[in-house]
Number of protein chains: 2
Amino acid sequence: MKITIKEIAREANVSIATVSMVINKKDQNITEVTRNRVLEVVKKYNYLPNAMAGSLVTQRTHIIGLVLPDITNPFFPGIARGAEDKANEKGYSIIFCNTDDKLEVQEKYIESLTKKMADGIIIAHSSSSEKMPEILERCKVPIILIDRDFDSENICGKVLVDNSNGAHMAVSYLIEQGYKKIAYLSGPLKTRTAYERLEGYKKALSDYEIEFNDKLVKFGEYRIEWGRNGVNELLEEKEDFDVIFCGNDLIAIGAMKELKEKGYHIPDDIGVMGYDDIYMASLVEPSLTTVRQPNYQMGYRAMELLEERLKKAPGSDNTPSDMKTITLDTEIIVRNSVKINKKVKS
Amino acid sequence: MKITIKEIAREANVSIATVSMVINKKDQNITEVTRNRVLEVVKKYNYLPNAMAGSLVTQRTHIIGLVLPDITNPFFPGIARGAEDKANEKGYSIIFCNTDDKLEVQEKYIESLTKKMADGIIIAHSSSSEKMPEILERCKVPIILIDRDFDSENICGKVLVDNSNGAHMAVSYLIEQGYKKIAYLSGPLKTRTAYERLEGYKKALSDYEIEFNDKLVKFGEYRIEWGRNGVNELLEEKEDFDVIFCGNDLIAIGAMKELKEKGYHIPDDIGVMGYDDIYMASLVEPSLTTVRQPNYQMGYRAMELLEERLKKAPGSDNTPSDMKTITLDTEIIVRNSVKINKKVKS
DNA sequence: ATAATTTACTTAAACGTTTAAATAAAGGAA
DNA sequence: TTCCTTTATTTAAACGTTTAAGTAAATTAT
């Protein structure tokens, strides 16, 4: 038989209110002896309170929705893990959702999370389509944005990385190592990350007074296949380049594969630099020089922000002061796909 | 203001029962006109029913717990994704939990899932410690085991891969390519997977009348670092070997790294074979010949099994006939870290 | 000694649904 | 017409908690 607070109360000869108070440590006014009597019965039956029933009255489920494009993409497990660790620390559970960057899937998930009364949502949203504000609007719980920026009413926090600065650092680094003709295989320009990284790329070039050459910049998906194809697109331009900066590590890995198959030597003939520092980056050959995004931190801090916000009364509106943006720093990870101090040599 | 079924009922001039019936499509007895009136109000307010409140009475949360060692380990995202896809298809949500293979963490998660009234749990459990049965016993919901076998009362399904057979296939393959001295870098023997793969390794050797040599078998963690260390342990034995079969791909990748650094050429000097076929396996150099475990399928089928089981009334006990075991097949993925038809050459 | 306060509980309403049972109106059979 | 069914809807109990308000006894203050 399923055992409820009622049974415990009956067996311990107290009211259910007393049991509830003991369980929730609101027992300043409960005598030692009653408390122990209750606790004993609780233990005897291995009683665990039904959180749902409690949630109904407290209006808190301690469930957080984590909406990501695809956990199978090596960029995301770290984020998920970070969020989960912090959540667990604070007594929250995480429902996770893969959108494949499809707007209608994302919408469905947000609806589902709303129905299940998630206390909040952490989301790496999909595209900045016009429907986004409406979708987010409809969702009444606090939302934390990660990785991809966007502006809307009920967003109460953002954890971003400075893409522009990351790309700027990367390209500056390449230039300082002596590279002059820097090609760029970007992700899809409709994503904010790609757009911002392109900005950083351009700014670094102009800082060092290198002319921007749009024949050296190609746009595609954040995938290995695009890395391969992108290299070919670049080669077809018959425009000289000595290093390829890539929109992410997957592109970089694809680019390296293709270059090697075409007989180029990395980094001697052509350097390759990535972005993200996924697990694989250190394992490919040559190991990939890249820009580390602190993805564990992203998840962790996002959950931290959310937990902070959730200290306010349930259902309470966001005040402007709730809105907090954390911008995490990137870091250049020097490995072997880019020559160090190339200029000295050539 | 938060809008509930009561508001909808009032505004539509019907009872809340009617609204409930319309929403849940139990509306055979509702007139077209009432239905539409209700639906209109629902739409007007973007009303979404509070699933928790419903769950309280139906005793179904449509929440599934997915308990994994570590989503950051490349073996697991595929499983998670498979489970999530099927879950989503059937209207379930997944709460995910990382145990780091720690028993007390696992216990805590199972407790949390029980409190939150998860309808079921899919778990790649941690170690076969003596406490496991007790932990599982206490958890009253249906449990599906994945990847790692175990026996206990309320387990109502298993999705396993035949580790012994997988290893047997792999080693047989190696032998048939002409390899004779096959070293084995195993995972920790306390895990069932490692134990079974060792069985398969031994059986293949004996099938081909090759003597088992325990100097060629070393045990460590399922990690890259162990691959590196394992190679050194093998080399120290001064025992000849022409290929290393590895307990998983991470070990294989580590082994390859170490071998290459030591100046060995793969596969010409020494072959390396992995197990799992994680994403990275095709990206390392040389690309890794390995045994594919169908991990997306594992997650997917596990959720399928669970969903099937959940068609029974909530709280109903497992009958022996509920217990279903699915054993998925492995497949050899031929790449470049093992020589094909070595015997012809040498 | 009486009133006021504190302590240790209990009562009962509330949370937002689902659903079995009740009811009332309409339609059909006798 | 009267009775029986069917149809369309409502009533009310139930799900398992939390918590504000109430109460009775014990303690302290006056």
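By convention in this document, chain letters (A, B, ...) are assigned in the order of the sequence lines, proteins followed by strands, and residues within each chain are numbered from 1. Computation of the quantities below employed the complete heavy-atom set of this structure, encompassing side-chain atoms and omitting hydrogens, waters and symmetry-equivalent molecules. Just so it is clear, the structure is predicted and the values come from calculations on it, not from any experiment.
- By the 4.0 Å N-to-carboxylate-O rule, B/Asp317 lies too far from B/Lys312 to be salt-bridged with it.
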Extract from the structure each pairing of a protein N or O with an N or O of nucleotides 25-28 of chain C at less than 3.5 Å, listing the distance.
none

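- Legend: residues meeting salt bridge (Lys or Arg N to Asp or Glu O under 4.0 Å) with B/Asp151, ordered by chain and number and at least two apart, are B/Lys158.
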Please list, pair by pair, any protein nitrogen or oxygen found under 3.5 Å from a nitrogen or oxygen in nucleotides 26-28 of chain D.
none

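- Scanning for side chain to side chain contact (heavy atoms under 4.5 Å, CB included) contacts around A/Thr31 gives A/Val33, A/Thr34, with sequence neighbours left out.
- Sequence neighbours left out, not one pair with a member in residues 111-125 of chain B passes salt bridge (charged side-chain N to carboxylate O under 4.0 Å, His left out).
- Paired with B/Cys156 under the rule side-chain contact (heavy atoms from CB on, under 4.5 Å), one option of B/Arg309, B/Glu308, B/Met323, B/Lys324 passes, and it is B/Arg309.
- Not counting sequence neighbours, the partners of A/Arg35 by the salt bridge (Lys or Arg N to Asp or Glu O under 4.0 Å) test are A/Asp27, A/Glu32.
- Each end of the helix from C/dA1-D/dT30 to C/dA30-D/dT1 gets its own rotation axis from five pairs of C1' atoms, and the angle between them is 50° to the nearest 10 degrees.
- Using modelled atom types and a 3.5 Å distance limit, the side chains of B/Ser15 and B/Thr18 yield a donor-acceptor pair.
- Looking at B/Arg10 and B/Glu7, a side-chain N of the basic residue comes within less than 4.0 Å of a carboxylate O on the acidic one, giving a salt bridge.
- Shown here are the side chain to side chain contact (heavy atoms under 4.5 Å, CB included) partners of A/Ala9, two or more places apart in sequence or in another chain: A/Ile16, A/Val19.
- Listed for the A/Asp100 side chain is no donor-acceptor partner under 3.5 Å among the backbone atoms of A/Lys102.
- B/Ile121 pairs in a side-chain contact (heavy atoms from CB on, under 4.5 Å) with only one of the listed residues (B/Leu306, B/Leu66, B/Leu113, B/Ile155), which is B/Leu113.
- The side chain to side chain contact (heavy atoms under 4.5 Å, CB included) test applied to A/Asn88 returns A/Glu84, B/Lys108, B/Tyr109, not counting sequence neighbours.
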Notebook entry, point to check: Checking salt bridge (charged side-chain N to carboxylate O under 4.0 Å, His left out) for the pair A/Arg301/A/Glu304: CA distance, chi angles, key distance, verdict?
Noted result: CA-CA 5 Å; A/Arg301 300 291 299 274; A/Glu304 202 167 56; 3.1 Å; yes
Check: What one-letter contact string describes nucleotides 6-22 of chain D from 5' to 3', where B marks a base within less than 4.0 Å of any protein heavy atom, S marks contact via sugar-phosphate atoms alone, and - marks no contact?
Finding: --BBBB---BBBBB---
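- A salt bridge (charged side-chain N to carboxylate O under 4.0 Å, His left out) check over residues 42-69 of chain B, counting only residues at least two apart or in different chains, returns the pairs B/Glu11-B/Lys44.
- Between A/Asp85 and A/Lys90 there is no salt bridge, since none of the side-chain N atoms of the basic residue sits less than 4.0 Å from a carboxylate O of the acidic one.
- Within residues 107-117 of chain B, no residue places a heavy atom under 4.0 Å from DNA chain C.
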